[in-house]
Number of protein chains: 2
Amino acid sequence: MTQDLFKEKWAIYEQHISQKGLKSTRQRDVIVEEFFGEHEHLTVEELWQRVRKIDSKIGYATVYRTLKLLSESGLAHKRQFGEAQARFEHATDHHHDHLICMSCHQIIEFENDEIETLQERVCKKHKFQLVHHKMELYGYCEKCSAKKGRGI
Amino acid sequence: MTQDLFKEKWAIYEQHISQKGLKSTRQRDVIVEEFFGEHEHLTVEELWQRVRKIDSKIGYATVYRTLKLLSESGLAHKRQFGEAQARFEHATDHHHDHLICMSCHQIIEFENDEIETLQERVCKKHKFQLVHHKMELYGYCEKCSAKKGRGI
DNA sequence: GTTGATGCAAAGTATTTGCAGAGGG
DNA sequence: CCCTCTGCAAATACTTTGCATCAAC
């Protein structure tokens with residue numbers, strides 16, 4: 001993520017904090033910075049492992065609470081990709097869907113307007129009022145396909 | 001479901017049972033019959049409530065174990081529709097996706113080949129080997145839309 | 001100094017499992 | 001009879017919450 005985008009997100013986060021009369025704390029700053037700094041889809045566990053390296057005293061519950069806060073301020077989205085644990089992704093201004101590698105758990109984001117149009121058509125046909133949707137394609141990414149092909 | 005389809009599914013279930021050297025029991029028969037008999041997407045809790053009315057001694061764990069059995073024999077599919085509890089649907093010979101009413105939890109199944117084709121194209125573009133996918137459209141069904149419109 | 005935040009441990013959910021006794025084949 | 005199944009309760013996995021203490025503002 002660019003420095004500008006980082007600052008913009010940080011500003012939204014601080015605005016949300018002050019708007020709600022909440023406090024900025026050392027722990028929150030570490031967690032939010034680490035979350036923004038990575039362009040990945042982290043689980044709570046993974047994020048906790050990372051922040052612990054910066055401040056080993058940060059508790060599991062604080063990571064949960066901070067991610068909830070980020071979700072509420074619209075900066076993070078909770079996702080369930082068929083695993084037991086939820087993953088959190090950075091909010092983006094554009095809607096996107098996901099390719100999920102069943103081997104290395106890499107997540108690739110993609111957009112496809114044609115599919116979106118067809119989805120709307122399906123809803124119309126069923127007189128269904130669409131609010132949001134979820135499309136997840138599960139399989140093997142290029143790297144993992146190759147590994148499997150070589151019998152690894 | 002038609003009587004023929006019911007018998008066909010029952011036959012697959014019995015075949016799976018005997019193939020694996022498993023036993024047919026009173027409890028399993030009640031659970032499987034109740035599951036096949038409803039064309040819904042039930043949670044374990046909901047199915048348990050139904051079978052309890054037939055045999056109040058049937059335990060929660062047995063329902064879980066029987067649904068696992070049905071999943072293994074390919075007669076049921078476990079689904080997570082954004083709720084905490086999983087729902088189980090009848091296996092069908094055709095792939096389909098879902099419209100999920102956020103108000104009444106009704107689930108409408110639909111098929112759309114055009115979308116499937118586009119999905120494959122997305123995967124090709126990312127050199128991704130597709131295994132399966134999940135597309136869920138969340139919103140309000142015709143009935144619930146109308147209710148909301150009238151302010152109910 | 002208030003009031004919200006933290007860390008811990010305990011509680012909460014959904015699901016799975018160990019085990020002793022029951023019951024199919 | 002043997003071996004699987006059942007019901008119960010305990011265990012598990014992830015997440016949330018209560019509470020005493022701590023730290024922002």
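Below, chains carry the letters A, B, ... as their sequence lines are ordered, and counting in each starts from 1.
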*Asks:* Please report the distance, rounded to the nearest Å, between OH in Y64(B) and P in dT12(D).
*Replies:* 17 Å
*Asks:* Identify whether any heavy atom of R28(A) sits under 4.0 Å from a base atom; if not, whether one sits that close to sugar-phosphate; answer base, sugar-phosphate or nothing.
*Replies:*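 Sugar-phosphate, backbone atoms only, no base.
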*Asks:* Please give, in whole Å, the distance from dG4(C) P to H16(A) NE2?
*Replies:* 14 Å
*Asks:* Is it the case that dT16(C) (base atoms only) and K68(B) (side chain only) share a donor and an acceptor within less than 3.5 Å, ignoring hydrogens and angles?
*Replies:*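 For K68(B), whose side chain was compared with the base of dT16(C), there is no donor-acceptor pair (under 3.5 Å).
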*Asks:* Can you list the residues that meet the salt bridge (charged side-chain N to carboxylate O under 4.0 Å, His left out) rule with E114(B), with sequence neighbours excluded?
*Replies:*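 Not a single residue meets the salt bridge (charged side-chain N to carboxylate O under 4.0 Å, His left out) criterion with E114(B).
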*Asks:* Anything under 30° is parallel, anything over 60° is perpendicular, the rest tilted; go ahead and classify F6(B) against W10(B).
*Replies:*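 The rings of F6(B) and W10(B) lie parallel, inter-plane angle below 30°.
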*Asks:* Check the distance between dC14(D)'s P and L47(A)'s CG and give it to me in whole angstrom.
*Replies:*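 Taking CG of L47(A) and P of dC14(D), I get 16 Å after rounding.
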*Asks:* If you assign I58(B) and K23(B) each to the DNA chain D nucleotide with the nearest heavy atom, which residue ends up on the more 5' nucleotide?
*Replies:*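 Nearest nucleotide further toward 5': that of K23(B).
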*Asks:* Aromatic contact between H95(B) and H133(B), with the criterion being ring centroids under 6.0 Å apart: yes or no?
*Replies:*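 Between H95(B) and H133(B), the centre distance is under 6.0 Å.
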*Asks:* Does a side-chain N or O of Q85(B) approach OP1 or OP2 of dT15(C) to a distance below 4.0 Å, or not?
*Replies:* no
*Asks:* Roughly, in whole Å, what's the span from CD in Q27(B) to P in dG23(C)?
*Replies:* 9 Å
*Asks:* Touch check for K20(A), heavy atoms < 4.0 angstrom, all strands: base, sugar-phosphate only, or nothing?
*Replies:*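 Touches nothing.
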*Asks:* Where each residue is assigned the nucleotide of DNA chain D containing its nearest heavy atom, which of A61(B) and V44(A) is assigned the position nearer the 5′ end?
*Replies:*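 Counting from the 5' end, the first nearest nucleotide belongs to A61(B).
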*Asks:* Pick the closest DNA chain C nucleotide for A86(B) and for R65(B) by heavy atoms, then say which residue is nearer the 5' end.
*Replies:* A86(B)
*Asks:* With respect to the phosphate group of dT6(C), does any side-chain polar atom (N or O) of T25(A) fall under 4.0 Å of OP1 or OP2?
*Replies:* yes
*Asks:* Can you check whether H98(A) and H41(A) have ring centres sitting under 6.0 Å from each other?
*Replies:*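 Yes, they do, as the ring centres are separated by less than 6.0 Å.
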*Asks:* Rounded to whole Å, please give me the gap between CD in Q80(A) and P in dC14(D).
*Replies:* 11 Å
*Asks:* How many Å lie between CZ on R52(B) and P on dT6(D), as a whole number?
*Replies:* 17 Å
*Asks:* Rounded to whole angstroms, how far apart are CG on L22(A) and C1' on dT2(C)?
*Replies:*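 Answer to the nearest Å: 15 Å.
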*Asks:* Just call it for A84(A): base, sugar-phosphate, or nothing, with non-hydrogen atoms closer than 4.0 Å on any strand.
*Replies:* sugar-phosphate
*Asks:* In whole Å, what is the span from the CD atom of E45(A) to the C1' atom of dT15(D)?
*Replies:*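 In whole Å, dT15(D) C1' lies 13 Å from E45(A) CD.
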*Asks:* So H126(B) and F110(A), would you call those rings parallel, tilted or perpendicular, with 30° and 60° as cut-offs?
*Replies:* tilted
